[in-house]
Amino acid sequence: MQVGENRTTLLLLNAAPWVAFLAVVVVFGVLSDRFLTIQNFMNILTQSSHIAIMAIGITFVLLTAGIDLSVGAIMYVAVAVLALFLGGIPVVIAFPLVGLIGVALGAMNGYFVIKLRGQHPFIVTLATLFILRGAAIFLTDTRMVFVEESVMSLGRTSYFGVPWAIWVFAVVFVIAWIVLRETPFGRQIYAVGQDPTAAAKAGINVPRILFSVYCICGFLAAVGGLVSIAQVAAASSTFGFQIEFPVIAAAVLGGTSLFGGRGGVVGTVFGAVLIQTVQSGLVMTNATPYIYPLVTAVIIFLAVLIDGLRTSILDTLGRRKIRVEEIA
Amino acid sequence: MPIDAAETPVDTKVEIPKVRAFRRLLERLILSEYLVFYITGVYFLIVWPIVPEIASFSSLRNILTDMLPLLVVAIGQTFVLIVAGIDLSVTGVIAMASVVGASIMTSDGGYLQGSALAIPVGIIAFLVVGGLIGGFNGWCVTRLNMPPIIVTLTGMMFLGGAAIWFTKAHSPTSSIAGLPRAFVAIGGGTFAGVPIALFVAIAVVVVAHFLLSQTVFGRWLYAIGINPKAAKVSGVPVDKAILWAFVISGVCAAITSMLLTGRLETGTPVLGQRILLDIIAAVVIGGTSLAGGKGKIIWTVGGVLFLVTIDASLKLLGSSLFIVFAVKGGVILLAVGLDAMRQRILARGSG
Amino acid sequence: KAQEGKTVALLFDSLVSPFWVTGIEIMREEAAKRGWETLEAISNFDDNRQFEQVRAMIEREVDGILIIQTDANAVIPAIREANAAGIPMVHFNRPPAESDAYSVAIQADNRAIMRETVQFLVDEAKRIGGTYKAAILIGDLGDVNAIQRRDGFFDIVDQNKDIIEVVSRISTEWNADKAFAGLTNALQANPDINFLVTSSDFLHPQIEQALKIAGKWNKRGEEGHVLFAGFDGDEGAYQRLLDGFLDACGVQNLFLEVDMAFGAFTDLWAGEKPEKLLLDPGFVITQDNLEETRDAMWGFSVWKNQQG
Amino acid sequence: MTPPHAGGEAFLQARELSKSFFGVKVLKEVGFTLDKGEVLGLVGENGSGKSTAMNILGGIHQPDSGQMTLAGKPYRPTGPKDAQRAGLAFIHQELNLFENLSIEENVFISGFPKRRGLPLINRRKIGKETKRLLDLVDLGHPPGTRVGKLSQGERQLVEIAKALGFDAKVIIFDEPTTSLSRRESEKLFTIVGRLKAQGIGVIYISHILGDVLRVCDSVQVLRDGAVAGGGPRASMSIDKIISMMVGRKIGNLFPPRESHPGEVVLDVAGLTQPGVVKDVSLSLRSGEVLGVSGLMGAGRSELARILFGLDPFKSGTITVEREPLENPSPEICMARGLAFLTEDRRAEGLLMEASIRDNVALSSLNSYARGLSHRLSWPKLDRDVAEVSDKVKVNTSDYIRMLVKHLSGGNQQKVVFAKWLLRQPSIFILDEPTRGIDVGAKLEVYKIINQLVLDGAAILFISSEMEELIGMCDRIMVMNRGEVTGFHERGDFDGERILETAMSVGLREPEQADRKER
Ligand SMILES: Nc1ncnc2c1ncn2[C@@H]1O[C@H](COP(=O)(O)OP(=O)(O)OP(=O)(O)O)[C@@H](O)[C@H]1O
Ligand SMILES: Nc1ncnc2c1ncn2[C@@H]1O[C@H](COP(=O)(O)OP(=O)(O)OP(=O)(O)O)[C@@H](O)[C@H]1O
Ligand SMILES: [Mg+2]
Ligand SMILES: [Mg+2]
């Protein structure tokens, strides 16, 4: 009986993000007649693309029950290097170099997380967050940095009517989806997140997996930085500041658990788009700017609340049942 | 080669005991719970010749008064970390309590402008804001099964925004000034030459230390941090104790808010926004574990002292923001590295 | 000269925009010219840290403190400390709140300059005819200057409600991504925006990008030109004036302000007591007076240097 | 059909393996041999080192000393992967499956076949292969089913299927039948027979000695980390194995006790929680030991947890000393004089990182607190802790600094006992109080229990060891699938009959549920 009710609740909780999304769209659609247009949908996707890309990266880390607070700092360092040192170089060379910087910085995180095992990645990446922000400030001297017209023009380029940022976003999403679902590496990430001891016993090289996910996360943070800078053209010392919050929120909102082993990039993308939809809806309805952080905070809070309820119900359902027939 | 080989044993025979003794001393130092005090001392001695001003009376006094607000909020954080939680909303509490308290006391249009009750009610408002927010955090964590990181993270975002909104509704400018002199004294005033803030901080330290080391409540907190399931089976009111840990953290943040608000003579919604990482870093550097079950007030005092000493030296050196960031990040890494090393030595020692 | 060998602390809260970067460079040059030494510190928007920096500078026994505080009220205790130590304090570009503590503030007359700037834009609008949909990019709501500029904007547009309707107030928090996203969304909601004012020139790259995407980045006189005014007077603004995309720009006279600030120190050391608030009247540079006024525009000299 | 092995050596050989954890020697120069096509049974008490020895074989732990050879070559795996490559498959005691993955993914997690030229998993291949393996163990689920959806027994079958998929030369089964019903166990024995016929070496660990004698060619007994004996099946019997395992006759183990039951202190009527327990009624008197017997998963622990307010129940009543117990929680139950010794002392019983004193004091702190501030009175607390710890003979003198994690299992169990003794409760619920402790410690525990009963306490004694129940209890209640299936009185105890009661409501025949023996 009780369990039956639980199952219904669970179904509702699982559907909750979609219901919330629908509600948000309907509310803003009623409030602003421009909201429900293809063009606006494109805008939302474009603007959420850098968050979504970084959130995809952090999904890999969260799946192993880790966390990376340094993504915003990596993003800033990557862009600062692009603007300051890779100015004259064509983007086809400059962008991969920036990606490499992201991988290197992610590798630093990964190295410390593995070496300082027993210390939560939270505190490790908190430290690298400080160090990398410091490095970026050192590079830029806190000045605003500008990128070349060749980078900026990408922010205005469309292929087949779809902006460049969305293409990048789509490519990252598809690759990430395939990697997580269809490659041995992806499935082993899930295994490590579920139970690292068992994973080690099954012969999985757990440190290697952990190291790789931080590299991926660093790489995608750099890519997110590129996508963002191509749109906004210049980066001040607040570039990427505290962006880890919406990024983590997007992943959690999409159903990726902070405790590892559960979630995926589809949900993450959904979460990122939902957050951006709300932001854009608030601007379109000319809402008072003070309310933005409040609304965002409330949305994240509700998402995690739902996740918490879902987890506890899953736990109850997962408990051993002696008398199975009574709950069927 | 053979000649060298013949000589080496002589050397090593002399060297080994010394090396061993040195190693043992080093291990003892690393294992010591007061490690951070020693490091602070060493650091101080290193920078002394570079910036002699750091040892002046007024500079030492500045270090002392600069550390008080950070210390109080870090003490609250210690309670939460001991139960294996974390409270990121403290900066939000600092901001919110600051503007709410100020809105009551301010002489330009405060709720109790000019009333004799203004200051007591204002102080109570600070504490109530902190206590309520802490209580809400604790409730979410214990009752709604939400991870503390996220609960308090959203709390931080929400309160930061709400504090600006609140200020906007109470002041034409971006902050609330005109606070009564008697209140301002809490942050900046002195009594018999001693900063009043020092009395406040000492009171907090003493009460917190007593709670943690001498009372049933303190034992409960440690037990929960080590193993909440076992604590529950042993009859510890786990949920209630965690709730109270968050309330204490909120109240401590509110006291810090009072100190800072008094010091700047202004209620501002961005107060403390940038010190979140300092707070957690200070507690962790002191030796309190993020994994719970381990922590002492005296350790936190050491961690805060260390951080503020470094900060003071960097300020006197006129260091750039880059160095400040890099040093802080490096220090956190160093602290976790030392802790990892300590764990390894302990495991070996018993193996 | 008695002034040689003086040490002055320059306490900035950030260097986010070219305005501050150029400001600190002009200060360093000026100070060097006068034979002063400078100590610098940046608070990264933390009031309490800045208070502690002031105390550290007092500790270092500097001869004067030039400060750019984040919050007008929260700086008062720092002024008191400086007063008590007998060290002159000068606020650059942002005045402190009213108080009994004594210090000298140099400030651009933001509201007046913004009024004048927007007035030029309104005159242009009247000249061209038709009705206008206006948008403003507002700065950080915790910054006095941002609020004064916003008020200056509304002073003028509110008088001209018959032809101008404000359809969008975009909060930027002095943050480039927020500005970009906000403007893009505003243009989405109101594709007919044709009257745009930004509270600071450092947001020009984002504005250009957003307008380009919306197909509205057109020169003065071209079809679909958006009436566009800026504030500060940086090198980007000069370039865009030159190219004809920007119609007007309220300029803070940075050279004058630095000169006023250092003059205030000299006066204070000489035992004089200048007024608490010294205003930089600023000026508006427009398409019409570009040639005559550009030499007073700090952005022009930066621009000239960049051209080599 | 044992094939000849190289140089007269056995196919797999281990010599003088030793291993310590945290200073405690767990394996003491253990050796064994395994031929191709041989089934070796490994038995011993809990904690005697069986799993540890196998973990060394499987590359999970490295031995402190000792050598191994496989097919005549030195064998020293540095990790599980190494062991797998060498041809070793391992079915762990604790299931090693990932609930968030599908059956096929679990089977291939350590090495997926890839699509030609691509780094992608060859789904078709793993699906087909998994299907084949699942057929071997008679599990009908589609290979794509998430393991989280499977029952415990089904998961154990998946583990077995996984090991079969390795194409191994040696397979280790560490207690593979704990969650299997008889029918599935039979299936497993057939599989073992087939492996044997294929020339694969099998190591089979189990506590069910009958099974061991049935499937194994030879048996090796471990005691306290050392080899206590062994030999071919023909030379072994259950009695002989037991005396090797324990080192003495069981009869001496239970100190005699006079019993004088008094008032009913705990009365349970019609306790029901859907899916867990159904209509449980019992009454417990002071000065009485009521044993609870049943097969694994009978719901005994669950019943105990409900009684102590740790789990909810839907209907029924609990009465303590004639007062009803409403909305029980551990705090309320403790205030009413109950104590609960959990079966999982590591996870629920102890603060491993804390000192003995902190552990022993934990449940009684409030009675040592004074004044408004609840300040603890340390001297009195320390004195009482030392007294009660001495009483249960915890083997250390430094109660204040010694961390519990450094104690041996038996001493840890005594600490848990001491914790509850300090409160002086009148009703004890003991769930497997002797689990994982050595024979000497067991005897101490029995003495403590006897002393408690003499002092008038009432004891609900849950145990899986039949001998222990028979030796210690005044009455034994038997449970199966969450229901009480019968009571046995002292003097009328008979292992065979109790076991019969424990299985009297067949796992697969719920319609017989009302047939109760009294
Ligand atoms: N990783 C470990 N760390 C510390 N101690 C361990 C570890 N693994 C096993 N032990 C200890 O080693 C001893 C032997 O354990 P082992 O698991 O080998 O016993 P076992 O014979 O398999 O018992 P059971 O029948 O209960 O499975 C126990 O006392 C156990 O507590
Ligand atoms: N069918 C099962 N499904 C899931 N977990 C099980 C199952 N059977 C046993 N377990 C787990 O194995 C652990 C060890 O079982 P244990 O030996 O305590 O069984 P038991 O005490 O005989 O069972 P019970 O306490 O239900 O009578 C249990 O605590 C339980 O978590
Ligand atoms: Mg075992
Ligand atoms: Mg049990």
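All heavy atoms count here, side chains included; hydrogens, waters and symmetry mates do not. Note on naming: letters A, B, ... go to the chains in the order of the sequence lines (proteins, then strands), and numbering restarts at 1 for each one.
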| query | Which residues in residues 128-154 of chain B have a heavy atom less than 4.5 Å from any heavy atom of chain D? | reply | none
| More than 12 heavy atoms of other residues, nucleotides or ligands under 6.0 Å from CG of D/Asn327: is that the case? | no
| request: Taking heavy atoms only and a threshold strictly under 4.5 Å, list by residue number the residues of residues 361-370 of chain D that touch chain B; give 'none' if the list is empty. | output: D/Leu362, D/Ser363, D/Leu365, D/Asn366, D/Ala369
| query | What's the spacing between D/Asp344 CG and B/Lys229 NZ if we round to 0.5 Å? | reply | 7.0 Å
| said: Quick check for you: to the nearest 0.5 Å, what is the distance between D/His374 atom NE2 and B/Phe210 atom CZ? | reply: 11.0 Å
| message | Counting only heavy atoms from other residues, nucleotides and ligands, does the tally under 6.0 Å from CD of D/Gln424 exceed 12? | response | no
| In Å and rounded to the nearest 0.5 Å, what is the CD to OG distance from B/Gln214 to D/Ser377? | 10.5 Å
| Mind checking whether D/Leu376 and B/Val216 have side chains closer than 4.5 Å, heavy atoms only? | yes
| Would you call D/Asp358 and B/Arg219 a side-chain contact if the rule is heavy atoms closer than 4.5 Å? | yes
| request: Compare every heavy atom of D/Ala354 with every heavy atom of B/Ile226, then report the nearest pair and how far apart it is. | output: CD1-CB, 3.7 Å
| said: If you define the side chain from C-beta out and look only at heavy atoms, does anything of B/Asn227 sit under 4.5 Å from D/Leu350? | reply: no
| field | Considering all heavy atoms, the nearest D/Phe340-B/Val233 contact | value | CD2-CG1, 3.9 Å
| note | Closest non-hydrogen contact found for D/Pro330 with B/Gly235 is CB-CA, 4.1 Å
| query | If you count the non-hydrogen atoms of other residues, nucleotides and ligands that lie under 6.0 Å from NZ in B/Lys232, is the total more than 12? | reply | no
| task | Heavy atoms only: give me the nearest D/Glu331-B/Pro237 pair and the separation to one decimal. | result | OE1-CB, 3.3 Å
| task | Enter the distance from B/Ser234:OG to D/Glu348:CD here, rounded to the nearest 0.5 Å. | result | 9.5 Å
